[in-house]
Amino acid sequence: MSKILILNGPNLNLLGVREKGIYGNQSFEEYFETLKSQYSRIDLMYFQHNSEGSIIDKLHEVGFDYDGIVLNAGAYTHTSVAIADAIAAINTPVVEVHISNVHQREEFRHHSYLSKNCKGVVLGFGLDSYRLAIESFL
């Protein structure tokens, strides 16, 4: 059985509540239940944290044993060399995910420090971006 971690960064605990025009009405926990049902043959795990250090710690923890990591680092995508270095340091492939099309948003969101160390990037498909990222590991 494949082991895949979905790792969400800052403010993604507020999905379904914050900026619904950008992020939609559904909480991630609700969506995650749908993913678990759809991918019952996968050991699908979920972790969210607002702290950069905790995200790095989780990458280190699973980055040598899991088959894939789906990472939405939120705003850290555009600021964190440390998370980029953590991705480069592990063996597990990482797919960078964004709910919105970041290239249609503020200019500072157009640059990712993480992308060069990731297997791929999925963005702009709403929460379905996570499903598409999972499919890339299958």
Side-chain angles (χ1 to χ4, degrees):
M1 177 181 282
S2 294
K3 289 171 62 172
I4 297 175
L5 172 69
I6 296 176
L7 178 55
N8 275 344
N11 300 310
L12 292 164
N13 56 305
L14 297 178
L15 289 176
V17 176
R18 75 182 273 232
E19 301 175 276
K20 293 179 182 182
I22 297 172
Y23 300 108
N25 296 319
Q26 190 174 28
S27 74
F28 193 82
E29 289 74 11
E30 292 168 339
Y31 181 67
F32 185 64
E33 291 303 317
T34 301
L35 288 175
K36 286 195 314 187
S37 295
Q38 189 172 0
Y39 294 101
S40 58
R41 68 189 188 280
I42 297 172
D43 187 4
L44 199 56
M45 307 299 287
Y46 171 58
F47 181 80
Q48 186 279 328
H49 209 281
N50 293 316
S51 166
E52 182 178 32
S54 294
I55 293 166
I56 293 166
D57 289 344
K58 186 56 83 170
L59 287 166
H60 292 174
E61 178 187 324
V62 305
F64 298 93
D65 300 322
Y66 278 53
D67 300 302
I69 299 170
V70 176
L71 173 62
N72 184 341
Y76 288 136
T77 301
H78 321 292
T79 63
S80 182
V81 173
I83 292 175
D85 287 349
I87 294 167
I90 62 177
N91 295 333
T92 300
V94 176
V95 172
E96 178 182 336
V97 164
H98 300 282
I99 296 167
S100 67
N101 180 346
V102 295
H103 300 289
Q104 293 177 335
R105 299 184 63 195
E106 303 93 337
E107 190 172 333
F108 75 89
R109 295 185 195 276
H110 299 181
H111 175 73
S112 167
Y113 282 100
L114 314 182
S115 296
K116 69 180 184 71
N117 296 332
C118 291
K119 172 185 173 183
V121 180
V122 180
L123 57 88
F125 294 99
L127 291 175
D128 204 37
S129 296
Y130 292 91
R131 183 191 62 77
L132 294 168
I134 292 167
E135 286 291 328
S136 77
F137 293 116
L138 303 180

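Position 1 is the first residue of the sequence; numbering continues from there. Note that this is a predicted model, so its numbers are computed, not measured.
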K.L.:
Does some side-chain heavy atom of Ile56 sit less than 4.5 Å from a side-chain heavy atom of Asp85?
P.N.:
no
K.L.:
Do you know which two heavy atoms are closest between Ile90 and Gly63, and how far apart they sit?
P.N.:
CB-O, 3.4 Å
K.L.:
Report whether Phe32 and Leu12 are members of the same hydrophobic cluster (ILVMFWY, side-chain heavy atoms less than 4.5 Å apart, transitive linking).
P.N.:
yes
K.L.:
Would you say the side chain of Asp43 lies within less than 4.5 Å of the side chain of Asp67, judging by non-hydrogen atoms?
P.N.:
no
K.L.:
Please round to the nearest 0.5 Å and tell me the distance separating atom CE of Met45 and atom CG of Leu7.
P.N.:
12.0 Å
K.L.:
Leu114 and Ser80: which non-hydrogen atoms are nearest, and at how many Å?
P.N.:
CD2-O, 3.8 Å
K.L.:
Drop me the distance from Tyr66's OH to Lys3's NZ, to the nearest 0.5 angstrom.
P.N.:
4.5 Å
K.L.:
Which heavy-atom pair separates Pro10 from Ala73 by the least distance, and what is that distance?
P.N.:
CD-O, 3.4 Å
K.L.:
In terms of side-chain heavy atoms, does Gln48 have a donor or acceptor partner in Asn50 at a distance below 3.5 Å?
P.N.:
yes
K.L.:
Looking at CG of Asp57 and OG of Ser51, how far apart are the two atoms once the value is rounded to the nearest 0.5 Å?
P.N.:
8.0 Å
K.L.:
Under a 3.5 Å distance rule, please check whether Ser129 uses its side chain to pair with a backbone N or O of His98 as donor and acceptor.
P.N.:
yes
K.L.:
Return each pair, listed once, that meets ring pair (Phe, Tyr, Trp, His ring centres under 6.0 Å) where at least one residue sits in residues 119-138; pairs must be two or more places apart or across chains.
P.N.:
Phe28-Tyr130
K.L.:
How long is the gap from NZ on Lys119 to CD1 on Ile69, to the nearest 0.5 Å?
P.N.:
12.0 Å
K.L.:
Any non-hydrogen side-chain atom of Ile134 less than 4.5 Å from a side-chain atom of Val95?
P.N.:
no
K.L.:
His60: what forms a ring pair (Phe, Tyr, Trp, His ring centres under 6.0 Å) with it, not counting sequence neighbours?
P.N.:
none
K.L.:
Nearest heavy-atom pair of Ile55 and Gly9: which atoms, and what distance?
P.N.:
CD1-CA, 3.6 Å
K.L.:
Side chains of Lys58 and His49, heavy atoms from C-beta outward: is any pair under 4.5 Å?
P.N.:
no
K.L.:
How far does CG of Asn72 sit from OG1 of Thr77, to the nearest 0.5 angstrom?
P.N.:
6.0 Å
K.L.:
Given side-chain hydrogen bond (donor to acceptor under 3.5 Å, both in side chains), test Glu96 with Ser112 step by step and report yes or no.
P.N.:
CA-CA 9 Å; Glu96 178 182 336; Ser112 167; 3.0 Å; yes
K.L.:
Shared ILVMFWY cluster between Leu138 and Val97, side chains joined below 4.5 angstrom?
P.N.:
yes
K.L.:
Between Ile4 and Leu35, is there shared hydrophobic-cluster membership here, with clusters defined by ILVMFWY side-chain heavy atoms closer than 4.5 Å?
P.N.:
yes
K.L.:
Out of Asn8, Leu5, Val70, which one pairs with Tyr46 under the side-chain contact (heavy atoms from CB on, under 4.5 Å) rule?
P.N.:
Asn8
K.L.:
Kindly compute the distance separating CG (Asn91) from CZ (Phe64), expressed to the nearest 0.5 Å.
P.N.:
5.0 Å
K.L.:
Does Val121 reach the side chain of Leu123, with side-chain heavy atoms less than 4.5 Å apart?
P.N.:
yes
K.L.:
For Glu30, is there any backbone N or O sitting under 3.5 Å from a side-chain donor or acceptor partner on Glu33?
P.N.:
no
K.L.:
Quick check on the 6.0 Å ring-centre criterion: do His111 and Tyr113 meet it?
P.N.:
yes
K.L.:
For Ile87 and Cys118, work out which heavy atoms get closest and say how close.
P.N.:
CD1-SG, 4.1 Å
K.L.:
Measure the shortest side-chain to side-chain distance between Ile99 and Asp128 over non-hydrogen atoms and say whether it is less than 4.5 angstrom.
P.N.:
no
K.L.:
Grab the two heavy atoms, one from Leu127 and one from Tyr31, that are nearest each other, plus how far apart they are.
P.N.:
O-OH, 2.9 Å
K.L.:
Could you check whether any side-chain heavy atom of Val62 comes within less than 4.5 Å of a side-chain heavy atom of Thr92, counting everything from C-beta outward?
P.N.:
no
